[in-house]
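So the structure is just underneath, and the comments pick up after that.
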Amino acid sequence: MGFVDLHVHSNASDGTFSPSQVVELAKNAGLDAFALTDHDTTAGVPEALEKGRDLNIEVIPGIEVSSSFDGTEIHIILGLFVDQKDPVLAAMLEKMLISRDRRNEKMLENLAADGISFTKEELCGDNPDTIITRAHIAHALVAKGICSGMDQAFKKYLQYGGRYCPQKEHLSPEEVVKTLISNGAFVALAHPFQYKFGDKKTEELIAHMADLGMKGLEVYHSSNNKLESMKLQEMAVRHHLLPTGGSDFHGGNKPDISIGTGRGGLRVSSLLLEDIKRERAKQALS
């Protein structure tokens, strides 16, 4: 039995490794396959697919899309097997990019008002086309010596709704799920317990997403303990969802998380991916 990682980021969004480097890391980790799931972009997918062919490792084109539920930002991961050439998806992502840019401008204005400013190069690093996220600003705060580490940067400056980090406009879960399903993607909810809803409201979110057509749930994730993964597995069964899993690898922006193994104890069986492929094939025939 082999292993996969269905939640990985590159420097196309807030990871620190290029898509090609991520493919090399996945290959060196002995994975059968991995999904590149950058935030609100598929820009890194073509490079990763090409490198995957060179190294003979399966690269699954994916995406982690932002939305909101009851006023809290959530991530609808996967878009597994997403069609990155789909014009409808491209239009949705362009709308989201405009919203993100507005929020980023406000964040930078608020920081500059208190004497903290950054150049584009300081924010973008070695990828000038990256989708700028809170992690880019956190990294810049650390690089300037304003914060001692990423955790401090997020807690002091970048908490959602705080002085420096206004909420950005989100598309509804309905619109995101509809777009991804029409794209042909397999849709799952990322790291449900990170939203800190509690068990009851978490299950309400999962039920709502399942009613919209979501087919998967990220049961296995670096942030979960064994009890949380067990609870999510039970919720997946109750709502007829397939379990997915991944490290949420970001390279140096989350240095304690390794591709394929998370914080050391994560191993996602290739059998989960086979189940997802069978579900997609069944849906294609229906």
TODO: Please list, chain by chain and in numerical order, all residues satisfying side chain to side chain contact (heavy atoms under 4.5 Å, CB included) with Asn110, sequence neighbours excluded.
DONE: Lys106, Tyr164, Pro166

Task: Minimal non-hydrogen separation, Gly246 against Asp5, with atom names - done: CA-OD1, 3.2 Å

Less than 3.5 Å apart, which donor and acceptor atoms pair up between the side chains of residues 81-89 and the rest of the protein, not counting sequence neighbours?
| unit_1 | atom_1 | unit_2 | atom_2 | d |
| --- | --- | --- | --- | --- |
| Asp83 | OD1 | Lys85 | N | 3.0 |
| Asp86 | OD1 | Val88 | N | 3.1 |
| Asp86 | OD2 | Leu89 | N | 3.4 |
| Asp86 | OD2 | Asn183 | ND2 | 3.0 |

Open item on the list: Check whether Glu122 reaches the backbone of Thr119 with its side chain - one donor and one acceptor, N or O, closer than 3.5 Å.
Closed with: yes

- [ ] Taking the side chain as every heavy atom from C-beta outward, state whether Leu241 and Leu189 have any atom pair closer than 4.5 Å.
- [x] no

Task: Pairwise side-chain contact, Tyr157 with Met107, heavy-atom cut-off 4.5 Å (strictly under) - done: no

Task: salt bridge (Lys or Arg N to Asp or Glu O under 4.0 Å) partners of residues 215-230, not counting sequence neighbours, each pair once - done: none

Open item on the list: Minimum heavy-atom separation for Leu272 and Gly245, please, with both atom names.
Closed with: CD2-N, 4.4 Å

Task: From Leu80 atom CG to Leu180 atom CG, the distance as rounded to the nearest 0.5 Å - done: 10.0 Å

Open item on the list: Other residues, nucleotides and ligands only: do more than 12 of their heavy atoms fall within 6.0 Å of NZ on Lys201?
Closed with: yes

- [ ] Identify the heavy atoms of Ser247 and Val8 that sit nearest to each other, and give their distance.
- [x] OG-CG2, 4.4 Å

Name the atoms and distances for all side-chain donor-acceptor pairs under 3.5 Å in residues 258-271, with sequence neighbours left out.
| unit_1 | atom_1 | unit_2 | atom_2 | d |
| --- | --- | --- | --- | --- |
| Arg263 | NE | Asp256 | OD2 | 2.6 |
| Arg263 | NH1 | Ser222 | O | 2.9 |
| Arg263 | NH2 | Asp256 | OD2 | 3.4 |
| Ser269 | OG | Leu271 | N | 3.0 |
| Ser270 | OG | Gly2 | O | 3.1 |
| Ser270 | OG | Phe3 | N | 3.1 |
| Ser270 | OG | Asp32 | OD2 | 2.8 |

- [ ] Answer whether the closest heavy-atom distance between the side chains of His239 and Met209 falls below 4.5 Å.
- [x] no

TODO: Walk me through it: do Lys282 and Arg278 pass the test side chain to side chain contact (heavy atoms under 4.5 Å, CB included)?
DONE: CA-CA 6 Å; Lys282 184 173 70 175; Arg278 278 193 288 272; over 6 Å; no

- [ ] Please identify each residue that fulfils side chain to side chain contact (heavy atoms under 4.5 Å, CB included) with Asp151, with sequence neighbours left out.
- [x] none

- [ ] Report the distance from atom NZ of Lys27 to atom CG of Leu25, rounding to the nearest 0.5 Å.
- [x] 13.5 Å

- [ ] State which residue, out of Val219, Ile206, Leu205, fulfils the side chain to side chain contact (heavy atoms under 4.5 Å, CB included) condition with Met235.
- [x] Ile206

Open item on the list: Determine whether Glu47 and Ser20 satisfy the following criterion, side-chain hydrogen bond (donor to acceptor under 3.5 Å, both in side chains), listing intermediate values before the conclusion.
Closed with: CA-CA 6 Å; Glu47 179 185 333; Ser20 292; 2.7 Å; yes

Task: Criterion side chain to side chain contact (heavy atoms under 4.5 Å, CB included) on Tyr220 and Leu232, from CA distance to verdict - done: CA-CA 8 Å; Tyr220 308 104; Leu232 290 172; over 6 Å; no

Open item on the list: Please list all pairs meeting salt bridge (Lys or Arg N to Asp or Glu O under 4.0 Å) that have one or both residues in residues 34-46, counting only residues at least two apart or in different chains.
Closed with: Asp40-Arg100

Task: Derivation and outcome, side chain to side chain contact (heavy atoms under 4.5 Å, CB included), residues Arg103 and Arg134 - done: CA-CA 10 Å; Arg103 197 273 300 270; Arg134 292 186 306 147; 4.0 Å; yes

Open item on the list: Would Leu108 and Leu123 count as a side chain to side chain contact (heavy atoms under 4.5 Å, CB included) here? Give the steps.
Closed with: CA-CA 11 Å; Leu108 295 172; Leu123 291 173; 3.9 Å; yes

Open item on the list: Between Leu141 and Lys156, is there a side-chain heavy-atom distance shorter than 4.5 Å?
Closed with: no

Can you list, pair by pair, the side-chain donor-acceptor contacts under 3.5 Å of residues 48-62, counting residues two or more places apart and other chains?
| unit_1 | atom_1 | unit_2 | atom_2 | d |
| --- | --- | --- | --- | --- |
| Lys51 | NZ | Glu24 | OE2 | 3.3 |
| Glu58 | OE1 | Lys277 | NZ | 3.1 |
| Glu58 | OE2 | Lys277 | NZ | 3.0 |

Task: Ile257 side chain reached by His250 side chain, heavy atoms, under 4.5 Å - done: no

Open item on the list: Within the structure provided, determine whether Leu212 and Pro173 are in side-chain contact (heavy-atom separation under 4.5 Å).
Closed with: yes

Open item on the list: What's the separation between atom NE2 in His139 and atom CG in Asn253, rounded to the nearest 0.5 Å?
Closed with: 5.5 Å

TODO: Examine the side chains of Asp248 and His9 and answer whether a donor and an acceptor come within less than 3.5 Å of each other.
DONE: yes

Open item on the list: For Phe118, give me all partners under ring pair (Phe, Tyr, Trp, His ring centres under 6.0 Å), at least two apart in sequence or on another chain.
Closed with: none

TODO: Please name the pair of heavy atoms, one in Ala185 and one in Gly79, separated by the smallest distance, quoted to 0.1 Å.
DONE: CB-CA, 3.6 Å

TODO: Could you pull out all residues at least two apart from Arg102 that satisfy side-chain hydrogen bond (donor to acceptor under 3.5 Å, both in side chains)?
DONE: none

Open item on the list: Working to the nearest 0.5 angstrom, can you tell me the gap between Thr179 OG1 and Met92 CE?
Closed with: 5.0 Å

TODO: Could you verify whether a donor N or O on one side chain and an acceptor N or O on the other, from Ser18 and Gln21, lie under 3.5 Å apart?
DONE: yes

- [ ] Quick one: pull up CD1 in Ile132 and CG in Asp14 and give me the separation to the nearest 0.5 Å.
- [x] 11.5 Å

Open item on the list: Do Phe69 and Phe197 make a side-chain contact, defined as non-hydrogen atoms from C-beta onward lying under 4.5 Å apart?
Closed with: yes

- [ ] Only pairs at least two apart or in different chains count here, so list each ring-ring contact (aromatic ring centres under 6.0 Å, His included) that has a residue in residues 173-196.
- [x] His7-His191, His75-His191, His191-Tyr195, His191-His221

Task: Heavy-atom side-chain proximity of Lys231 to Thr202 below 4.5 angstrom - done: no

TODO: Output all residues satisfying side chain to side chain contact (heavy atoms under 4.5 Å, CB included) with Ser68, sequence neighbours left out; order by chain, then residue number.
DONE: His170

Task: Shortest non-hydrogen separation from Gly213 to Ile181 and the atoms involved - done: O-CD1, 3.7 Å

TODO: Using atom types as modelled and distance alone, determine if a side-chain donor or acceptor of Arg280 lies under 3.5 Å from a backbone N or O of Gly184.
DONE: yes

- [ ] Sorted by first residue and then second, give each salt bridge (Lys or Arg N to Asp or Glu O under 4.0 Å) pair with at least one member in residues 181-198; sequence neighbours left out.
- [x] none

Task: Heavy-atom closest pair, residues Gly252 and Thr16 - done: N-OG1, 2.6 Å

TODO: To the nearest 0.5 angstrom, please state how far the CD atom of Glu64 sits from the OG atom of Ser66.
DONE: 7.0 Å

